[in-house]
Amino acid sequence: MNKSEFIEELKKLNINITDHMLDELEIYKNFLQEYNKHTNLTAITNDEDIYLKHFYDSLTIVKAIDLNRVESLLDIGTGAGFPGMVIKILYPNIKLTLLDANNKKIKFLEELSTKLNIDVELIHSRVEEYAKNNLNKFDIVTSRAVANLRILTELSLPLVKVNGYIIALKGNIASELIDAKNTINILNSEIEDIFTFDLYQNNGQRNIIKIKKNKESALKDLRSYDKIIKKPLQKSNK
Ligand code: SAM
């Protein structure tokens, strides 16, 4: 996807990108490519792929949520900033927190945000640790390619406010959905919508899962990562 195709496809998503935002994305792309030569951040490295599979793919989230109305957003397992950093460039009013367990990714994001003069909170932590002191805090928790849906929902729902959403960007999800349903239910949440589409020019199936949280989470309900991995949540083992 070249830059003019990117702009055209964004228009179809009702996004009008400014020249300033385009400049910021170009700086982001160049810095990612340069940094990636000495520190492995992403396997997607050529210009057109970065525009399609990182920038455009991140912004397809607008199919699921009106980002103009979001105040606080946490992106977990953000890696080199996807989708969180791209969202912040297009929607600068959002209070953004980016979290990753991998410190080399956080270091990259620190340098990038300084370069772009973007105000963002960067957290080097595992989600399940961070959740202990940040329950019921964010309007939206996003993630792309972080864990299967059952694990992801248990990790991220505690961080969302009541009536807030987790929005997961994923490839194929058929079997994950069945696995995740019980966990979502026990965590007093519901799948509100699933948006399924092909990424521009047959670049693979995408699913955006939008899950609404209906009740506050309590510290006592958090489980260790080990337990989350080993055994699906059940009413009795909360
Ligand atoms: N979201 C980015 C993207 O789509 O390009 C990165 C995806 S990468 C496959 C998964 C990232 O999630 C890694 O950077 C990893 O360190 C992070 N991650 C996985 N499990 C995590 C956890 N429990 N807490 C924090 N970060 C986690």
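A salt bridge is absent between Glu34 and Lys37: the closest approach of a Lys/Arg side-chain nitrogen to an acidic carboxylate oxygen does not fall below 4.0 angstrom.
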Donor-acceptor list for residues 85-94 side chains, cut-off 3.5 Å, not counting sequence neighbours:
{"residue": "Lys88", "atom": "NZ", "partner": "Pro92", "partner atom": "O", "Å": "2.9"}
{"residue": "Lys88", "atom": "NZ", "partner": "Ile94", "partner atom": "O", "Å": "2.7"}

Ile123 and Asn134: CA distance, side-chain angles, deciding distance, side-chain contact (heavy atoms from CB on, under 4.5 Å) verdict: CA-CA 12 Å; Ile123 310 287; Asn134 294 280; over 6 Å; no
Derivation of the side-chain contact (heavy atoms from CB on, under 4.5 Å) call for Leu67 and Val70: CA-CA 5 Å; Leu67 289 170; Val70 172; 4.2 Å; yes
Criterion side-chain contact (heavy atoms from CB on, under 4.5 Å) on Leu233 and Asn182, from CA distance to verdict: CA-CA 8 Å; Leu233 192 59; Asn182 202 35; over 6 Å; no
Glu8/Glu5 under side-chain contact (heavy atoms from CB on, under 4.5 Å): CA gap, chis, key distance, verdict: CA-CA 5 Å; Glu8 280 312 302; Glu5 289 165 339; 5.6 Å; no
Step-by-step ring-ring contact (aromatic ring centres under 6.0 Å, His included) determination, Phe82 to Tyr28: CA-CA 12 Å; Phe82 308 115; Tyr28 191 170; 5.5 Å; yes
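Annotation for Asp193 and Phe195: closest pair CB-CE1, 3.5 Å, computed over non-hydrogen atoms. Scanning both residues, Lys137 and Tyr130, for their nearest heavy atoms gives NZ-OH, 3.8 Å. A pairwise comparison of heavy atoms in Arg126 and Ala101 identifies CG-CB, 3.9 Å as the closest pair. Residues Pro158 and Ser217 share a closest heavy-atom pair of CA-OG, 3.3 Å. Between Leu135 and Ala218, the shortest heavy-atom contact is CD1-C, 3.8 Å. Summarising the geometry of Ile211 relative to Thr153, their closest heavy-atom pair is CD1-CG2, 3.6 Å, with the distance given to 0.1 Å.
Note that CD1 of Ile15 is 12.0 Å distant from CD1 of Ile7, once rounded to the nearest 0.5 Å. Taken to the nearest 0.5 Å, the CG atom of Asn30 stands 11.0 Å off from the CG atom of Leu25. In this structure, the separation between CD1 on Ile209 and CG on Leu177 is 6.0 Å, given to the nearest 0.5 Å. Atom NZ of Lys107 and atom CG of Asn102 lie 12.5 Å apart (nearest 0.5 Å). How far NZ of Lys29 is from CD1 of Ile44: 14.5 Å, rounded to the nearest 0.5 Å. The distance from the CD1 atom of Ile186 to the NZ atom of Lys181 is 14.5 Å, given to the nearest 0.5 Å.
Remark: Lys212 engages Asn163, Tyr165, Glu190, Glu192, Asn214 in a side chain to side chain contact (heavy atoms under 4.5 Å, CB included) (not counting sequence neighbours). Residues satisfying the side chain to side chain donor-acceptor pair (under 3.5 Å) criterion with Asp57, sequence neighbours excluded, are Arg144, Arg206. Every residue two or more places apart in sequence or in another chain was checked for a side chain to side chain donor-acceptor pair (under 3.5 Å) with Lys227, and none qualifies. Residues satisfying the side chain to side chain donor-acceptor pair (under 3.5 Å) criterion with Thr196, sequence neighbours excluded, are Asn207. When the side chain to side chain donor-acceptor pair (under 3.5 Å) test is applied to Lys3, the partners found at least two apart in sequence or on another chain are Glu26. Tyr56 meets the ring pair (Phe, Tyr, Trp, His ring centres under 6.0 Å) test with no other residue; sequence neighbours excluded. Not a single ring pair (Phe, Tyr, Trp, His ring centres under 6.0 Å) links Phe138 to another residue, sequence neighbours left out. In this structure, the ring pair (Phe, Tyr, Trp, His ring centres under 6.0 Å) partners of Phe31, at least two apart in sequence or on a different chain, are Tyr35, Phe108. In this structure, the side chain to side chain contact (heavy atoms under 4.5 Å, CB included) partners of Asn46, at least two apart in sequence or on a different chain, are Glu48, Asp49.
For His38, the NE2 atom sits in a packed shell: over 12 heavy atoms of surrounding residues, nucleotides or ligands are nearer than 6.0 Å. Residue Asp119 places its CG atom among 12 or fewer non-hydrogen atoms of other residues, nucleotides or ligands, all under 6.0 Å distant.
Pairs engaging residues 63-82 under the salt bridge (charged side-chain N to carboxylate O under 4.0 Å, His left out) rule: none recorded [sequence neighbours left out]. Among pairs with a residue in residues 148-159, those fulfilling salt bridge (charged side-chain N to carboxylate O under 4.0 Å, His left out) read Glu154-Arg223, at least two apart in sequence or across chains.
Clustering ILVMFWY residues whenever any of their side-chain heavy atoms sit less than 4.5 angstrom apart, transitively, puts Ile65 in a cluster other than the one holding Val141. Taking hydrophobic clusters as Ile, Leu, Val, Met, Phe, Trp and Tyr residues chained together by side-chain heavy-atom distances below 4.5 Å, Val146 does not share a cluster with Leu96. Hydrophobic cluster membership is shared by Leu41 and Leu169, with clusters built from Ile, Leu, Val, Met, Phe, Trp and Tyr side chains linked at under 4.5 angstrom. Linking ILVMFWY side-chain heavy atoms closer than 4.5 Å, directly or via other members, places Ile194 and Ile140 in two distinct hydrophobic clusters. Cluster annotation: Leu149 and Val127 are assigned to the same hydrophobic cluster (Ile/Leu/Val/Met/Phe/Trp/Tyr, side-chain heavy-atom contacts under 4.5 Å, transitive).
Tested against Asp139, the residues Lys95, Lys161, Lys213 include a single salt bridge (charged side-chain N to carboxylate O under 4.0 Å, His left out) partner, Lys161.
For the residue pair Asn188/Glu216, the side-chain donor-acceptor check at 3.5 Å is not satisfied. Side-chain polar atoms of Ser4 and Asn2 form a donor-acceptor pair below 3.5 angstrom.
Put simply, the side chain of Ile76 reaches to within 4.5 Å of the side chain of Leu152, judged on heavy atoms. The side-chain heavy atoms of Gln33 and Asn36, taken from C-beta on, include no pair separated by under 4.5 Å.
In this structure, Ser113 contributes its side chain and Glu110 its backbone to a donor-acceptor pair below 3.5 Å.
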